[in-house]
Amino acid sequence: GEYFNSAIKSLANNYYYITEKTDYKIKHIVFVPSSDYTPQDGDIYTDVSAKSSSTPIYAVWDEAAGTMTIHSPLSKIYTEANCQAMFYNLAELEDIDFRGFDTWYAKNMHMMFKDCHSLTSLDVSGFNVSNTDIFVSMFSGCSALKALDLSSFIKAGDMQINFMFY
């Protein structure tokens, strides 16, 4: 969550960004599973895979398009258990293509999209939240959000949803 957030903000801004700092450059995020991407000279990229992973997942920044593309050689891009603040404070983010993005391991989605002021629609219908308990402030501050499909968020058990849309 926060590691991913800091890594992509730092990549787009060419210096270390902490999670709390607002980014105004990233407009699009695209997840590309089953990718055979190999870093090339001139590419602006970083490995955003979990520290425990032996498989690199590369974030590649295209400044002209404002696009952060996440490449994985695997057929699915699994989140870690803690997705807290994964896309937090990406003020100009307009869209996210979650192709191949798998939230099966996610337990915490606290502030996952908080303060993404430019998102007008978000398709999270493919999210598997059967193991997720914390949704606090997940969409808080997403003031432009007009379309959101939460049909996959039906689950039994306790859920922390305080300020989910505040």
Side-chain angles (χ1 to χ4, degrees), residues 1-13 17-35 48 57 59-72 75-166:
E2 291 182 77
Y3 167 74
F4 176 84
N5 181 287
S6 179
I8 65 172
K9 285 178 181 175
S10 296
L11 184 62
N13 291 280
Y17 250 56
I18 58 171
T19 303
E20 290 76 19
K21 188 158 176 64
T22 303
D23 169 82
Y24 296 98
K25 290 186 173 186
I26 301 170
K27 295 181 187 316
H28 316 282
I29 297 176
V30 180
F31 289 88
V32 182
S34 304
S35 171
V48 293
I57 297 176
V60 182
W61 173 237
D62 178 345
E63 186 162 12
T67 301
M68 189 68 66
T69 306
I70 314 301
H71 294 275
S72 172
S75 61
K76 291 188 177 186
I77 302 171
Y78 289 98
T79 66
E80 294 188 76
N82 187 358
C83 293
Q84 179 171 323
M86 193 166 192
F87 305 103
Y88 172 53
N89 258 343
L90 298 176
E92 298 301 319
L93 184 64
E94 297 170 5
D95 52 70
I96 305 172
D97 179 344
F98 285 113
R99 190 176 357 145
F101 188 79
D102 195 314
T103 57
W104 168 254
Y105 296 107
K107 293 189 172 297
N108 179 0
M109 293 187 181
H110 178 228
M111 297 181 1
M112 193 171 185
F113 301 98
K114 186 175 189 303
D115 294 335
C116 290
H117 305 292
S118 297
L119 276 176
T120 56
S121 66
L122 190 60
D123 183 2
V124 293
S125 62
F127 277 29
N128 181 338
V129 297
S130 53
N131 294 314
T132 310
D133 300 318
I134 303 170
F135 300 94
V136 176
S137 299
M138 188 172 181
F139 304 104
S140 178
C142 294
S143 52
L145 196 57
K146 302 215 181 330
L148 181 63
D149 181 352
L150 296 175
S151 59
S152 66
F153 280 51
I154 299 169
K155 64 174 267 167
D158 292 335
M159 293 175 20
Q160 295 179 33
I161 59 170
N162 316 43
F163 306 108
M164 192 171 180
F165 298 99
Y166 181 72

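All figures in this text were calculated on a predicted structure; none of them were measured in a lab. What's counted below: heavy atoms across the whole structure, side chains too, no hydrogens, waters or symmetry copies.
Partners of N108 by side chain to side chain contact (heavy atoms under 4.5 Å, CB included), not counting sequence neighbours, listed by chain and number: N82, Q84, H110, I134. Residues that satisfy the side chain to side chain contact (heavy atoms under 4.5 Å, CB included) test with Y3, not counting sequence neighbours, are K51. For the side chain to side chain donor-acceptor pair (under 3.5 Å) test, no residue two or more places apart in sequence or in another chain qualifies with S118. Taking D95 as the reference, H28 meet the side chain to side chain contact (heavy atoms under 4.5 Å, CB included) condition, with sequence neighbours excluded. Under the rule for a salt bridge (charged side-chain N to carboxylate O under 4.0 Å, His left out), D115 has no partner lying at least two apart in sequence or in another chain. Taking the side chain to side chain donor-acceptor pair (under 3.5 Å) definition, one finds that S35 meets it with H71, sequence neighbours left out. Evaluation of the side chain to side chain contact (heavy atoms under 4.5 Å, CB included) rule for A65 yields D62, T67 as partners, not counting sequence neighbours.
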Exercise for review: Would you please test I70 and I29 for side-chain contact (heavy atoms from CB on, under 4.5 Å) and show each step?
Suggested key: CA-CA 7 Å; I70 314 301; I29 297 176; 4.2 Å; yes

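We find the CZ-CE distance between F153 and M164 to be 5.5 Å, quoted to the nearest 0.5 Å. The CZ atom of F87 lies 5.0 Å from the CZ atom of F4; values are rounded to the nearest 0.5 Å. If you take NE2 on H117 and CG on L119, they are separated by 10.5 Å, rounding to the nearest 0.5 Å. Taken to the nearest 0.5 Å, the CD1 atom of I161 stands 14.5 Å off from the CE atom of M109. Atom-to-atom distance recorded for W104:CH2 and T132:OG1 is 9.5 Å, nearest 0.5 angstrom. Rounded to the nearest 0.5 Å, atoms CG (L93) and OG1 (T120) are 10.0 Å apart.
Sorted by first and then second residue, the salt bridge (Lys or Arg N to Asp or Glu O under 4.0 Å) pairs with a member in residues 123-140 read D133-K155; sequence neighbours excluded. Evaluation of the salt bridge (Lys or Arg N to Asp or Glu O under 4.0 Å) test over residues 18-28, restricted to residues two or more places apart or in two chains, returns K25-E63. The salt bridge (Lys or Arg N to Asp or Glu O under 4.0 Å) pairs that include a residue from residues 2-13 number zero, where partners must be two or more places apart or lie in different chains.
When all heavy atoms of I8 and I26 are compared, the pair lying nearest together is O-CD1, 3.7 Å. When all heavy atoms of M68 and W61 are compared, the closest pair comes out as CE-CE3, 3.5 Å. In terms of heavy-atom proximity, T79 sits nearest to Y105 at O-CB, 3.6 Å. Heavy atoms only, all atoms of each residue included: S34 and S75 are closest at OG-CA, 3.4 Å. When all heavy atoms are compared, the tightest approach of P33 to I77 is N-CD1, 4.1 Å. Closest approach of S152 to V129, counting heavy atoms only: O-CG2, 3.4 Å.
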N/O donor to acceptor pairs below 3.5 angstrom from side-chain atoms of residues 135-149, sequence neighbours left out:
from : atom 1 : to   : atom 2 : distance (Å)
S140 : OG     : Y166 : O      : 2.7
D149 : OD1    : S151 : N      : 2.9
D149 : OD1    : S151 : OG     : 2.8

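Between F101 and Y78, the distance separating the two ring centers is not shorter than 6.0 angstrom.
Heavy-atom contacts from other residues, nucleotides or ligands closer than 6.0 Å to OH of Y24 number 12 or fewer.
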